[in-house]
> 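My questions will all concern the structure given below.
When reading the values below, keep in mind they use all heavy atoms of this one structure, side chains included, and skip hydrogens, waters and symmetry mates. Order of the sequence lines fixes the chain letters, A, B, ..., with proteins taken first and strands second; residue numbering starts at 1 for each chain. None of the values given here were measured: they were computed from a predicted structure.
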Amino acid sequence: MGFKEHVIRVVKQIPQGKVTTYGTVATLAGMPRGGRLVGGILHFCTESNDLPWQRIINREGFISTKCLEHPKQAQKALLASEGIEVSDDFTVDLNKYGWFGEKI
DNA sequence: AAGGTGACTAACA
DNA sequence: ATGTTAGCCACCT
């Protein structure tokens, strides 16, 4: 089992209507500086494992997706469908919607 | 098979 | 205070 499984497990624990950061997921998965891996893993395994990739954003609350296959607008729509307000700049208020895994 | 890249973060200068 | 460097592991070429 690699880091991937840990990340998947953590991501699946994110409550609906909340968002978290790559750093948080990496930390909960046991790698404080594995943020990059989180992004990479989500990029490859998001649909294979049915992960809510839209709930993961960078530490600034900004949607970092630069892949055309995972467009920001799609992520924004998904977040909006969960009741999360996303700014026109694709930014989410972490102080309001941020989740830091206190319930794990 | 080996090397490079990646949706990031934190620590150091 | 800001700018730069280092680090993480899995997937792709």
> Taking for each residue the nucleotide of DNA chain C with the nearest heavy atom, is it A:G40 or A:R33 whose nucleotide lies nearer the 5' end?
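With A:G40 and A:R33 compared, the 5'-side residue is A:R33.
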> Which part of the nucleic acid, if any, lies within reach of A:G23 when heavy atoms closer than 4.0 Å are counted: base, sugar-phosphate only, or nothing?
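The residue A:G23 makes sugar-phosphate contact but no base contact.
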> For A:N58 and A:E60, indicate whether the former's side chain and the latter's backbone hold a donor-acceptor pair under 3.5 Å.
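Answer holds: yes.
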> Can you identify which nucleotide, out of C:dC9, B:dT9, C:dC11, has its nearest atom closest to the A:N58 side chain?
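Nearest listed nucleotide: B:dT9.
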> Rounding to the closest angstrom, what is the interatomic distance between C:dA6 and B:dG4 at atom P?
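Straight-line distance between the two P atoms is 16 Å.
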> Rounded to the nearest angstrom, tell me the gap between atom CD1 in A:I56 and atom C1' in B:dG6.
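Checked: the CD1 to C1' distance equals 15 Å.
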> Taking CD1 from A:I63 and P from B:dA7, how many angstroms apart are they, rounded to a whole number?
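Rounded to the whole Å, the gap is 15 Å.
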> What nucleotide among C:dC11, C:dC9, B:dA7 has an atom nearest to a side-chain atom of A:C45?
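Shortest atom-to-atom distance from the side chain points to C:dC11.
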> A:F3 CZ to B:dC8 C1': how many Å, rounded?
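After rounding, the reported distance stands at 11 Å.
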> A quick test of your reading: do over 12 heavy atoms of other residues, nucleotides or ligands sit less than 6.0 Å from CD of A:E5?
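Yes - once you tally the heavy atoms of other residues, nucleotides and ligands closer than 6.0 Å, there are more than 12.
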> Phosphate oxygens OP1/OP2 of C:dC11: is one of them under 4.0 Å from a side-chain N or O of A:K4?
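Yes, within the criterion.
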> Check every atom of B:dA7, C:dC12, B:dA11 against the side chain of A:F44 and return the nucleotide holding the closest atom.
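Output: C:dC12.
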> Hey, does A:Y22 reach any base, or is it just sugar-phosphate, or nothing, if we go heavy atoms under 4.0 Å?
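Counting heavy atoms under 4.0 Å across all strands, the contact made by A:Y22 includes a base.
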> Rounded off to whole Å, could you give me the CZ-to-P distance for the A:R36 and B:dG4 pair?
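Going from A:R36 (CZ) to B:dG4 (P), I get 14 Å.
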> A:L42 CG to C:dC9 P: how many Å, rounded?
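Nearest whole value for this atom pair: 17 Å.
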> Across the strands shown, which category fits A:R59 at heavy-atom distances under 4.0 angstrom: base, sugar-phosphate, nothing?
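Touches sugar-phosphate only.
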> Only one of A:I14, A:T20, A:L78 passes side-chain contact (heavy atoms from CB on, under 4.5 Å) with A:R55; say which it is.
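Between A:R55 and the candidates, side-chain contact (heavy atoms from CB on, under 4.5 Å) is satisfied uniquely by A:I14.
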> Would you say A:Y22 ends up clustered with A:V7 if hydrophobic residues are merged whenever their side chains have heavy atoms under 4.5 Å apart, either directly or through other cluster members?
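Result: yes, single cluster for both.
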> Can you measure A:N49 atom CG to C:dC11 atom P for me and round it to whole angstrom units?
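It is 10 Å, rounded to the nearest whole Å.
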> For A:L37 and B:dT5, give me the distance from atom CG to atom P, rounded to whole Å.
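Nearest whole value for this atom pair: 16 Å.
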> Pair A:L42, A:I56 - check side chain to side chain contact (heavy atoms under 4.5 Å, CB included), show working.
CA-CA 9 Å; A:L42 290 175; A:I56 297 140; 3.4 Å; yes
> Would you mind telling me which of B:dA7, B:dT9, B:dA11 lies closest to the side-chain atoms of A:H70?
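The answer is B:dA7.
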> Measure the distance from CD on A:E47 to C1' on C:dC11 and round it to the nearest whole Å.
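Nearest whole value for this atom pair: 16 Å.
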